[in-house]
Amino acid sequence: MEILDIIRRIVARKRAARQEPVFALWREIWQEHVADGGAEGINEQLAALEEEGAIVSHRTATDMSFEPIEDEEEQSEEQPNDDC
């Protein structure tokens, strides 16, 4: 689950900095993976995490982005209800 932890760290940093949009780009994940001593297999790990339902991916104009599923749910729970 090392890659999932990397994605969560990147997303958390962006949220803390109030950076939009809040997702982890493939190149950001790769940079942290290499910095953590990771080598190969990043694409296979990302595919496995997506298949397990732990992350969701989106194609951007120049890259791929990834978001942890539980983080999306937590964020939607934090949104105020406008029905009041």
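All values reported here derive from a predicted model rather than from experimental measurement.
The salt bridge (charged side-chain N to carboxylate O under 4.0 Å, His left out) pairs that include a residue from residues 54-63 are Arg27-Asp63, where partners are two or more places apart or lie in different chains.
Using a 4.5 Å cut-off on side-chain heavy atoms (C-beta onward), Leu49 and Glu51 make no contact. His58 places none of its side-chain heavy atoms less than 4.5 Å from the side chain of Thr60.
For the atom pair CD1 of Ile6 and CD of Gln31, the computed distance is 11.0 Å after rounding to the nearest 0.5 Å. Atoms CZ and CD, from Arg13 and Glu32 in turn, are 4.0 Å apart once rounded to the nearest 0.5 Å. The structure places CD1 of Ile29 at 12.0 Å from CG of Asp5, a figure rounded to the nearest 0.5 Å. For the atom pair CD1 of Ile7 and OG of Ser57, the computed distance is 9.5 Å after rounding to the nearest 0.5 Å.
Using a 4.0 Å cut-off between charged side-chain N and carboxylate O, Glu28 and Lys14 make a salt bridge.
Both Trp30 and Ile55 belong to a single network of hydrophobic side chains, linked directly or stepwise wherever heavy atoms of I, L, V, M, F, W or Y lie under 4.5 Å apart. Taken together through direct or relayed side-chain contacts under 4.5 Å among Ile, Leu, Val, Met, Phe, Trp and Tyr, Leu46 and Ile10 form part of one hydrophobic cluster.
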All N/O donor-acceptor pairs, side-chain side in residues 33-44, below 3.5 Å, sequence neighbours left out:
from: His33; atom 1: ND1; to: Glu2; atom 2: OE2; distance (Å): 3.1
from: Asp36; atom 1: OD2; to: Arg9; atom 2: NH2; distance (Å): 2.8
from: Asn43; atom 1: OD1; to: Trp26; atom 2: NE1; distance (Å): 2.9

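A pairwise comparison of heavy atoms in Ala24 and Val11 identifies N-CG2, 4.1 Å as the closest pair.
The side-chain contact (heavy atoms from CB on, under 4.5 Å) with Val22 is formed by just one residue from the set Arg18, Gln19, Glu20; it is Glu20.
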